[in-house]
Amino acid sequence: MTMNNIDNLLHESRRFPPSEVFAAGSAETRRLYEEAAADREGFWAKQAKELLHWHKPFTQTLDWTNPPFAKWFGDGELNVAYNCLDRHVLAGNGDRVALHWEGEPGDQRTITYAELTAEVKKAANLLAALGIGAGDRVAIYLPVVPEALIAMLAVARLGAIHSVVFGGFSAESLRARIDDAEAKLVITADGGYRKGKVFPLKAAVDAALTLTDKASSVTNVLVVKRGGNDVEWTHGRDLWWHDEIAQVDSEHTAKPFPAENPLFILYTSGTTGKPKGILHTSGGYLTQVAFSHRQVFDLKPETDVYWCTADVGWVTGHSYTVYGPLANGTTQVLYEGTPDTPHPGRWWELIQKYGVTTLYTAPTAIRTFMKLGRQIPQEFDLSSLRVLGSVGEPINPEAWIWYRDVIGGGETPVVDTWWQTETGAIMVSALPGVTTLKPGSAQVPLPGISIDIVTDDGTPVGKDEGGLLVVTEPWPAMLRGIWGDPERFKETYWEKFGDRYFAGDGARYDKDGDIWLMGRVDDVMNVSGHRLSTAEIESSLVAHPMVAEAAVVGASDETTGQAVVAFVITRASQADAAGKDDAAAVLRAHVTQQIGAIARPRQIFIVSELPKTRSGKIMRRLLRDVAEGREIGDTTTLADANVMTLISETLR
Ligand code: 6R9
């Protein structure tokens, strides 16, 4: 976050105490803080028992004898899918709507808990017939269609491990993830709808599996029919989902698995070129996502209609579309497409149509709507909304106020939720019935979560001071490791402060002790709430024959938070032939093809030098000054003081 934003934060001083409606039920919520403060582990044990069904009850809560490898509820057994499905049906809620799904072209499906359970049972039988059992990895590369959730839950039901890959990732990225996890099966679709067009997914799977001569670990590809587009077919490997599902038994008994059985791997960008496979397990994860979903959104499962706009390919989709809401028996909206198709009021139309009470989205979306103007949402009846959530990056107070006023009718609480793929669940957030809301601040750790802000050498800072955000005690939904790389897990998160988890975010306490997130302190960018690594994009750029050297920075961007800006030194012979503009266009396309459209640089500057320190480190801070059009900062540590003049001259 830039200094401008920080100034901005300090200019908004309005405070919003809970309204009477919310405050009425808050005594119980307040007690949660007290209980957790008195006995943190006992508190989580109680939540795990109350919120979940255990086939075999646990007797141990936390095993932290081998840090940083935690075990929660280690001797207990449960089935994650049973908790999200069967038990609601058995409790008499089978007729409750689980999903109001809407496709981008306007097609709809309403699926009750009984129907969803039946679908997942069939899918589990199908996967088992294809040889999937406990511990096997299944890659899921689907648009936001009900089958994405059905596939995830079927994998979970068998005790297998899913790795969902966002549909916007390229064939190369997909292959890297398939290889790293050694997935046996890929579940995809012929296509999905985006901005009025069908984008191909099966074609990317075909390309991924033939990228190298080396055979992949994949034995089958299951294809959901969605786009209706033509697809190529590899006989013996490829199977249509609908054909296969029609042939399997509809009964399936969910078997219990140990609480620490892996549930999923989700890849996320770190500070090196190689994405990390974040590993989550079952009992602790499900406890914390169910708990936080219930408390942060003041959930009333009987009456609420909840909508989380995240794609299931991101952690927010895992924790707050699939596992948290379904464990709580929530009715939710699931929407396949983009917010502006076929018209810019599409989201608001959906809220009106389904009577959405709870909306969970990202600041980048809110800022985009702000730019389009309030008249668009004002054409729709949004009065059903009662809680609004934000996630993915710091929300600037201006967007916070707009969200509350224009979308929430000036009354609806806005909860800003801080968490990460690694934390699995929300860690810092206001609670609507208890917290007096401050626009722009994520505010307080949830009950049972221990957070601190410390200096670089680990000393806790005081009120009105800033530093690095750490988690000081293990938490139930914490990552259990990086797939296949325990050393990297220790190094990345634990080496810096020993017994405390280093999140990679800067933060400060205000004078009341509330927490304000200040953005990443490492080389991770945040573009539209998605994490991208500078190193990953740099290595993609230097892999192109035209490029000699590349440096990537995240420059602040009004809508997307940050935008990718690249500085590239080309190999003389090649670049002359192409010309600067063409070279930039070619390289932007290259990054899209290698990683995916989300990583495509907003700008590529062709330069003759990069600013480096005497030890050869690229000084990204100076490049950020250039990218953001600012006066260039202190250059005294540069090996060659003239470099910045040279760069500025080239770009003039
Ligand atoms: C859930 C999710 C995690 C990174 C995180 C931080 C940023 C997320 C935030 C926030 C400020 C918030 N972040 N929520 N920053 N306020 N409410 O986004 O996971 O994709 O792993 O990103 O996103 O920088 O470290 P993930």
Side-chain angles (χ1 to χ4, degrees), residues 1 5-6 9 164 166 168-169 264-271 275-280 285 288-289 292-293 296 308-324 360-367 388-397 399-400 403 414-430 437-446 451 453 466 468-471 477-479 482 492-493 501-508 514-533 554 560-562 598-599:
M1 194 186 267
N5 294 14
I6 293 169
L9 295 177
V164 182
F166 172 57
F169 276 123
F264 66 84
I265 305 168
L266 188 58
Y267 288 84
T268 187
S269 296
T271 50
K276 304 175 280 199
I278 303 300
L279 176 68
H280 282 287
Y285 171 80
Q288 198 183 328
V289 294
S292 51
H293 178 252
V296 169
C308 166
T309 64
D311 191 286
V312 289
W314 305 111
V315 74
T316 308
H318 283 56
S319 300
Y320 297 104
T321 299
V322 183
Y323 293 111
Y360 192 28
T361 193
T364 182
I366 300 163
R367 290 193 296 264
L388 301 173
S390 173
V391 61
E393 56 177 312
I395 178 165
N396 48 312
W400 194 104
Y403 195 21
V414 173
V415 285
D416 176 16
T417 62
W418 177 88
W419 59 294
Q420 309 176 296
T421 306
E422 292 87 339
T423 68
I426 297 171
M427 303 291 276
V428 181
S429 171
L437 302 170
K438 279 183 192 171
S441 169
Q443 301 200 284
V444 282
L446 288 196
I451 299 278
I453 302 174
L468 305 171
L469 191 84
V470 293
V471 189
M478 71 194 288
L479 76 164
I482 295 176
T492 312
Y493 307 104
Y501 168 87
F502 170 52
D505 277 297
R508 53 183 302 124
D514 279 323
I515 297 170
W516 297 70
L517 273 304
M518 295 296 170
R520 301 288 304 190
V521 295
D522 52 14
D523 291 330
V524 173
M525 296 170 287
N526 190 325
V527 178
S528 298
H530 300 316
R531 272 164 74 169
L532 294 171
S533 126
T560 58
Q562 285 188 309
I598 44 165

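For reference, positions follow the sequence shown, starting with 1. Note that ligands are numbered from 1 as they come in the structure, with each ligand's atoms numbered from 1 the same way.
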Of Arg531, Glu393, His530, the one whose closest heavy atom lies nearest atom 4 (C) of ligand 1 is Arg531

Under 4.0 Å to a heavy atom of Thr316 - the qualifying atoms of ligand 1, by number = 1 (C)

Are any side-chain N or O atoms of His318 and backbone N or O atoms of Val312, one a donor and one an acceptor, separated by less than 3.5 Å?
-> yes

Sub-3.5 Å donor-acceptor pair from the side chain of Ser269 to the main-chain atoms of Arg531, do we have one?
-> yes

Ring centres of Tyr285 and Phe264 under 6.0 Å apart?
-> yes

Heavy-atom nearest neighbour in the protein, as seen from atom 24 (O) of ligand 1, with distance rounded to 0.1 Å = Asp505 OD1, 2.6 Å

Give me the ring orientation class for Tyr501 and Tyr493: parallel if the planes are under 30° apart, tilted from 30 to 60°, perpendicular past 60°.
-> parallel

Give the numbers and elements of all ligand 1 atoms closer than 4.0 Å to a heavy atom of Val315.
-> 1 (C), 19 (O)

Counting from 1, what ligand 1 atoms have a heavy atom of Asn526 closer than 4.0 Å?
-> 7 (C), 23 (O)

among protein heavy atoms, the one nearest atom 23 (O) of ligand 1 is Gly392 O, 3.3 Å

Return the residue, atom name and 0.1 Å-rounded distance of the protein heavy atom closest to atom 1 (C) of ligand 1.
-> Trp419 CE2, 3.4 Å

Do the ring planes of Phe166 and Trp314 sit parallel (below 30°), tilted (30 to 60°) or perpendicular (above 60°)?
-> tilted

CD of Glu393 to OG1 of Thr560: how many Å apart, nearest 0.5 Å?
-> 8.0 Å

Is any side-chain heavy atom of Trp419 closer than 4.5 Å to a side-chain heavy atom of Ser319?
-> yes

Could you tell me which atoms of ligand 1, counted from 1 in the order shown, lie closer than 4.0 angstrom to a heavy atom of Val391?
-> 1 (C)

Shortest protein contact, atom 11 (C) of ligand 1 (heavy atom only) | Pro394 N, 3.1 Å

Using a 4.0 Å heavy-atom threshold (strictly under), name the region of Thr421 that reaches ligand 1: side chain, backbone, both or neither.
-> both

